[in-house]
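The block underneath contains the structure these notes are about, expressed in C-alpha cells.
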Amino acid sequence: MQSSIDKDPSGERPFSGDMNGANAMALGDADARFERVRTQLRARLGGEVYSSWFGRMKLAEASKGIVRMSVPTAFLRSWINGHYLDHIAELWKQEDPDILRVEIIVRTATRHMRSATEVAPAGKPITRQAHTALASGTLGVGKILDRPSSPRATNGGEEARQSVLGSPLDSRYTFSSFIEGPSNRVAFAAARAVAESQSSAVRFNPLFLHATVGLGKTHLLQAIAAESLKQNPKSRVVYLTAEYFMWRFATAIRDNNALTLKEQLRDIDLLIIDDMQFLQGKSIQHEFCHLINMLLDSAKQVVVAADRPPSELESLEPRVRSRLNGGVALGMSAPDFTMRLEMLKLRLANARADDASLDISDEILTHIAQAVTGSGRELEGAFNQILFRHSFEPQITVDRIDEILGHIYRSGEPKRVRIEDIQRIVARHYNVSKTELLSNRRTRTIVKPRQVAMYLSKIMTPRSLPEIGRRFGGRDHTTVLHAVRKIEGLSGADNTLAQELELLRRLINDQA
Ligand SMILES: Nc1ncnc2c1ncn2[C@@H]1O[C@H](COP(=O)(O)OP(=O)(O)OP(=O)(O)O)[C@@H](O)[C@H]1O
C-alpha cells in the first residue's frame with residue numbers, strides 16, 4: 001500500500017531532522033507501523049467512527065521518539081486530542097516502546113511551526129513567530145510516554161517498559177509562551193538555566209519555585225520538562241504532582257511493586273514535582289526524602305513547586321523541608337500591567353492562529369489588562385469569556401466588556417474554591433476516604449463520588465481538564481471529561497442527584 005505521507009498535499013517533508021540519527025525510524029518502518037495503528041484503531045472504534053475522525057489523518061513525521069500525525073482542521077485535532085489521544089499513544093507504544101511522544105498537528109500550520117523552531121538556536125529566546133506558533137498549540141496536545149532509556153529500566157521486563165512514570169505534559173506550556181517580567185524574572189531565568197544545563201553543572205539544586213495560585217508554577221515546571229527533552233531527547237525527565245507521586249507509591253506498595261518503582265525513579269535525570277504542599281504521610285515523605293537525597297547525591301536535577309516557601313510547608317517532615325531548603329527557593333508574584341497586556345496579546349495571537357478573522361482591538365485588551373489585576377489564570381478566564389462573546393458580538397465595546405467581566409472585577413480577590421476542598425467534602429459526604437477517591441478502584445461506591453468530585457471541580461474552579469486529572473491521581477483529561485459529561489447527563493434526569501449536587505456546592509462554597 002502506498003504511504004499516506006507520500007500523498008500529503010501539504011508538501012510536508014515526511015520526516016524531520018536527522019533521518020540517519022539513531023532515533024529516526026526508517027521510512028518503511030514508520031509507514032508500516034502507522035498502517036497497523038490505523039487498522040487497530042478501526043478495529044477498536046468501528047468503521048463509522050474511524051472514518052469520521054481518522055479518515056483524513058496522515059503520518060507527518062516520525063523521528064527522535066516523536067510521532068506526529070496531521071489532520072486538516074483545528075477542530076479535528078482538538079477532538080482527537082480530547083477523545084482518542086490515549087488510544088493512539090497506546091497503539092504506537094505497542095509498535096515501538098521507544099516512542100516518547102505522540103502528537104496531532106494541523107496540516108496547514110505545520111510548515112510554519114517547524115521552520116519557526118528550526119531557526120531558533122538552542123538555548124536562545126526564540127522568535128516571536130515561533131512564540132506564537134508554539135503557544136497556539138499547533139503542536140497539539142502531546143502525550144509523553146515513559147521510555148526505557150537505560151538497561152535497568154528495560155531489564156525489569158515488559159512491565160517496566162510499559163509503565164508511565166510521569167503525568168502528561170501540556171504542549172502549550174513552554175518557555176516561549178511564558179511572559180517574563182519583574183515579578184517572575186529570577187524564577188524564569190533559573191528555570192531556563194536548569195533546563196539548559198541539565199547534563200552539565202547543576203547550579204540550582206533543588207530548585208524550589210513558590211507562588212500563590214495561578215501565577216505560572218505549573219507552566220514553568222512543564223516548560224522545564226519540555227525544554228530539557230528538546231535539548232536532550234535521551235534524558236529521562238519525570239514530571240509529577242505530589243499527589244500523583246503519593247498515589248504511585250501507595251499503589252506500588254499495595255501491589256508489592258515498590259522496588260520496581262524505586263528502581264525506575266533512581267534512573268531519572270530530572271525530577272519535577274508540582275504542588276508539593278499536598279505531599280502527605282510519613283512513609284511517603286520518607287520515600288520522597290530518600291529519592292531526592294539519592295538524586296541530589298548523584299548530581300541529578302530536582303525541581304519542586306509549591307504555593308509557599310519550603311520553610312512554611314508545615315505538613316512536611318522537618319528533614320524533607322530542610323532538604324528542599326538546601327537549594328535555591330525563588331518566589332513569583334502577580335504580573336504587572338505590562339505583563340498582563342503581553343499575556344493577552346499572546347493569547348489573541350494564538351486564537352488568531354486558529355481563526356484569522358478574529359479581531360479584538362488593542363483598546364479592549366488594554367482595558368482588560370487594567371481591570372483584571374490578579375493571576376495569569378484570572379486573566380485567562382477573562383480572555384476566554386471575551387473570546388466566547390466575541391463570536392456572536394463581533395462589535396464588542398469597552399462598556400460591554402465591563403458588563404461581561406463585572407463579576408471578576410467585583411470579586412476583586414475572587415472567592416477561591418480549591419480542588420482539595422471539593423475532594424474532602426465529597427469524600428466525607430459519600431463516606432469514602434480521599435485516598436479511595438484518588439485510587440483506581442472501580443466499585444460503584446467509589447466511582448460515583450469520584451465522578452461527582454471531578455464534575456464539581458470543573459464547574460466550581462477555573463481549572464482545566466488536564467489540571468483536574470492531575471489532581472485526581474494523575475488521570476488523563478479524557479477521564480475527567482467523561483466524568484463531567486456523565487454527571488451532567490445523570491443530573492438532568494435524576495432529581496435526587498441534582499439536589500445532592502446543589503447541597504455539595506453549598507457546602508463547598510461555605511468552606512471556600
Ligand atoms: N507569566 C505567565 N506567562 C504566561 N502565562 C501565564 C503566566 N502566568 C500564568 N500563566 C497562565 O495562567 C494559567 C495558570 O498558570 P499555572 O497553572 O501555571 O499556575 P500555578 O501557579 O501552577 O497555579 P496553582 O498553584 O493554582 O496550580 C496557565 O494557563 C498559564 O499558562
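Quick note: residue numbers are just sequence positions, from 1. We count ligands from 1, going down the list as the structure has it; atoms in each ligand are counted the same way.
Below 4.0 Å from some heavy atom of I179 lie the following atoms of ligand 1, by number and element: 1 (N), 2 (C), 3 (N), 4 (C). Close contacts of ligand 1 with R471, meaning ligand atoms under 4.0 Å from a residue heavy atom, involve 27 (O). Contact atoms of ligand 1 toward G216: 8 (N), 9 (C), 15 (O), 16 (P), 18 (O), 19 (O), 20 (P), 21 (O) (distance under 4.0 Å to a heavy atom of the residue). Heavy-atom contacts of N184 reach the following atoms of ligand 1: 1 (N) (cutoff under 4.0 Å).
Residue nearest to atom 30 (C) of ligand 1, selected from K217, M332, H219: H219 (by heavy-atom distance).
Residue contacts with ligand 1, taken as heavy atom pairs separated by less than 4.0 Å, do not involve A305 at all. Residue-level proximity to ligand 1 for L220 is absent, since no heavy atom of it falls below 4.0 angstrom. Looking at M343 against ligand 1, only its side chain comes within 4.0 Å, counting heavy atoms. Contacts between E378 and ligand 1, counted as non-hydrogen atom pairs separated by less than 4.0 Å, are absent for every part of the residue. With a 4.0 Å cut-off on non-hydrogen atoms, R463 touches ligand 1 through its side chain and not its backbone.
Taking 4.0 Å as the cut-off, R347 counts as a neighbour of ligand 1 on heavy-atom distance. The shortest heavy-atom distance from Y173 to ligand 1 is under 4.0 Å. Within the 4.0 Å heavy-atom shell around ligand 1 one does not find S375. For E467, the heavy-atom gap to ligand 1 drops under 4.0 angstrom. Residue contact check for ligand 1: D307 places no non-hydrogen atom closer than 4.0 Å to it. Residue A211 places every heavy atom at 4.0 Å or more from ligand 1.
Backbone and side-chain nitrogen or oxygen atoms of M339 are examined, and none is located within less than 3.5 angstrom of a nitrogen or oxygen of ligand 1.
The local environment of NZ in K486 is sparse, with at most 12 non-hydrogen atoms from other residues, nucleotides or ligands closer than 6.0 Å.
Between the side chains of D399 and T397, no donor-acceptor pair is found at a separation under 3.5 Å.
Looking from atom 12 (O) of ligand 1 to the surrounding protein, the closest heavy atom is G376 C, 3.2 Å.
Between H219 and F178, the ring planes lie perpendicular to each other; the angle is over 60°, past the 30° to 60° tilted range. Relative orientation of the H286 and H290 rings is parallel, given thresholds of 30° and 60° on the angle between their planes.
T373 is not listed as a side-chain neighbour of E378, based on a closest heavy-atom distance of 4.5 Å or more.
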